[in-house]
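Working notes, structure below.
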Amino acid sequence: PLQQGTGSLVLTACHVSVQATGQAARSARTVVIAGIPDGLLHDDVMADILIIHFQMSKNNGGDVEEVMYPTTEKGVAYVTFEDQEVVESVLKKEEHRLQDRRLSGSYPLKVTRYGENVFSSVTSLLNMSVFKDQFVLEDLIQELKKTSAALSFGPLQSNGYISVQGSFPEIKFLRDFLLLKAKSLPEKDEREESKSSQRPKRRLQQCRPAMETSHVVRDADGEKQVVVVDTDIYRYMKHCYPRTFRVSSDVVISDVTDGDVTTISIEKAGSRSDAGQVSRVKERIENVSLKLLNTLHKERIELKGHIRDQKQKYTQACESLRRCYPSVLINLYDTHIDLIGNTEVFACTAELRKKIQGLLQTR
């Protein structure tokens, strides 16, 4: 819901221009509000409270054109202002807390630009050297650029690596396709290896039809399938949806993490295994990951060099909040803390910040 696509704009050039311009202008005046307490009041009442909050000068607000609440995401609203400058002013405010006499407490809100999403853009490093004996890599990259126009490709390095940036679904589509293409390459024996330097590299054939194939890989032992997911989503699934990965002894699941992207392999454990089980596990993982892609948010707390002498206290603070917010994944690193979850993540982050500030004041 926070991502905009242009696939539907396939009308006349004039209509497309007017429609796109109108959408862009409205989007620039819209912010996304998350962390709204759900179910406490009637939806119309909550919408009125949001209007009041974002029209108050103490909240850097201004005239509100429209509030869209409720939405498809629990605890999320869209607020459109009459003036785009108000958006910039509202975003500059460090903290928004929803307060009203009709509410039982004060609720921290997360305000972002319309179209922002923590999982909307990822960067992946691809190793293209596996194709160097079969294709001219430059031709392969050019064809990928044509078929994946929404992605941004970096320069091809001498070692065969190239960085690619774009939306996670686009990255997933590209990586799945390349994984399948790599698996389809012929196996080399020693004689083929000796001849490889003499064999001319064939020019890239049309890739577009191949990108529409199923993500199924056949190997000597039977059927194997792969699913490529955002690494944060994968970790959240392991934390909150462990049953997604529970399989019988007939199926084996393995994973390889490459920065922002994790590749999950599902394959049969033996010759008597049911190939349909592999497909069902793959479908289950995909369904859960796609659901989470549209609902998860990520917050980060920078520790600013205090981690070494406060590591134990930070750990205790994180543990106490894990018990209070079981649906939020809290990861403590050397320099920061990442929190991943639904709209509860904003309240959890606010509480953790307070605990950390208290720790720093008692040093």
Side-chain angles (χ1 to χ4, degrees), residues 2 32-41 46 50 53 59 73-77 91 93-100 103-112 116-120 122 229-245 257 260 262 288-289 291-363:
L2 301 186
V32 182
I33 315 300
I36 301 169
D38 184 68
L40 295 184
L41 301 171
M46 187 61 72
L50 289 171
H53 175 90
N59 296 322
E73 285 193 80
K74 184 178 178 180
V76 174
L91 291 172
K93 184 174 174 60
E94 292 185 1
E95 184 181 38
H96 283 272
R97 300 193 71 87
L98 193 62
Q99 296 175 311
D100 188 272
L103 293 173
S104 58
S106 175
Y107 299 88
L109 300 177
K110 175 69 173 181
V111 183
T112 57
E116 287 186 356
N117 188 295
V118 66
F119 298 119
S120 64
V122 296
V229 300
D230 180 278
T231 297
D232 284 325
I233 291 180
Y234 175 66
R235 290 171 178 163
Y236 188 85
M237 290 171 66
K238 297 275 283 187
H239 174 69
C240 292
Y241 294 83
R243 298 176 67 177
T244 306
F245 301 97
T257 297
D260 295 327
T262 294
V288 175
S289 65
K291 175 186 175 182
L292 294 176
L293 177 66
N294 293 320
T295 58
L296 289 183
H297 304 270
K298 180 177 178 180
E299 290 288 285
R300 173 167 292 183
I301 300 176
E302 299 291 344
L303 298 179
K304 299 179 181 179
H306 299 292
I307 186 67
R308 292 182 179 178
D309 55 345
Q310 298 287 340
K311 182 74 175 278
Q312 186 176 357
K313 293 183 178 180
Y314 287 143
T315 301
Q316 292 173 352
C318 290
E319 285 297 332
S320 66
L321 286 179
R322 286 190 181 107
R323 292 190 291 270
C324 298
Y325 296 91
S327 63
V328 176
L329 174 61
I330 305 175
N331 291 324
L332 174 61
Y333 300 98
D334 288 343
T335 58
H336 63 276
I337 302 173
D338 281 343
L339 300 93
I340 303 169
N342 54 25
T343 53
E344 283 189 345
V345 74
F346 304 117
C348 181
T349 303
E351 286 192 37
L352 187 55
R353 288 187 190 277
K354 287 183 179 179
K355 286 181 177 291
I356 291 175
Q357 290 174 357
L359 290 175
L360 298 179
Q361 291 173 358
T362 57
R363 290 182 63 194

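Position 1 is the first residue of the sequence; numbering continues from there.
Ile36 is listed as a side-chain neighbour of Leu109, based on a closest heavy-atom distance under 4.5 Å. Here the side chains of Leu40 and Tyr107 are in contact, with some heavy-atom distance below 4.5 Å. Leu98 is listed as a side-chain neighbour of Met46, based on a closest heavy-atom distance under 4.5 Å. Met237 has its side chain within reach of Leu292: a pair of non-hydrogen atoms, C-beta onward, lies under 4.5 Å apart. A 4.5 Å side-chain heavy-atom check between Ile340 and Val345 finds every atom pair outside the cut-off. Looking only at side-chain heavy atoms (C-beta outward), Lys298 and Asp338 come within less than 4.5 Å of each other. Considering only heavy atoms from C-beta on, Leu321 comes within 4.5 Å of Lys355 through its side chain. You'll find the side chain of Cys348 reaches within 4.5 Å of the side chain of Ile330, heavy atoms only.
When all heavy atoms of Arg300 and His336 are compared, the pair lying nearest together is NE-CD2, 3.3 Å. Val288 and Thr244 get closest at one heavy-atom pair: CG2-OG1, 3.9 Å. Heavy-atom minimum distance, Gly75 versus Asp38: N-OD1, 4.5 Å. Contact between Ser106 and Pro108 at its shortest, heavy atoms only, is O-CD, 4.0 Å. When all heavy atoms of Ser327 and Glu344 are compared, the closest pair comes out as OG-OE1, 2.8 Å. Between Cys318 and Leu332 the shortest heavy-atom distance is SG-CB, 4.4 Å.
Around atom NZ of Lys354, no more than 12 heavy atoms belonging to other residues, nucleotides or ligands sit under 6.0 Å away.
Thr262 pairs in a side chain to side chain donor-acceptor pair (under 3.5 Å) with only one of the listed residues (Asp230, Asp232, Thr231), which is Thr231.
Between Tyr236 and Tyr241, the ring planes lie tilted relative to each other; the angle falls in the 30° to 60° range.
In this structure, CG on Asn342 lies 11.0 Å from OH on Tyr325, to the nearest 0.5 angstrom. To the nearest 0.5 Å, atoms CG (Leu339) and CG (Asn331) are separated by 8.5 Å. Interatomic distance, CD of Glu95 versus CG of Asn59, reported as 10.5 Å (0.5 Å rounding). With rounding to the nearest 0.5 Å, the separation of NE2 in His297 from CZ in Phe346 is 4.5 Å. Summarising the geometry, atom CD1 belonging to Ile356 is positioned 9.5 Å from atom OG1 belonging to Thr349; distances are rounded to the nearest 0.5 Å. Taking CG of Leu50 as the start and NE2 of His96 as the end, the distance is 11.5 Å to the nearest 0.5 Å.
Taking 4.0 Å as the cut-off between side-chain N and carboxylate O, Arg322 and Glu319 count as a salt-bridged pair.
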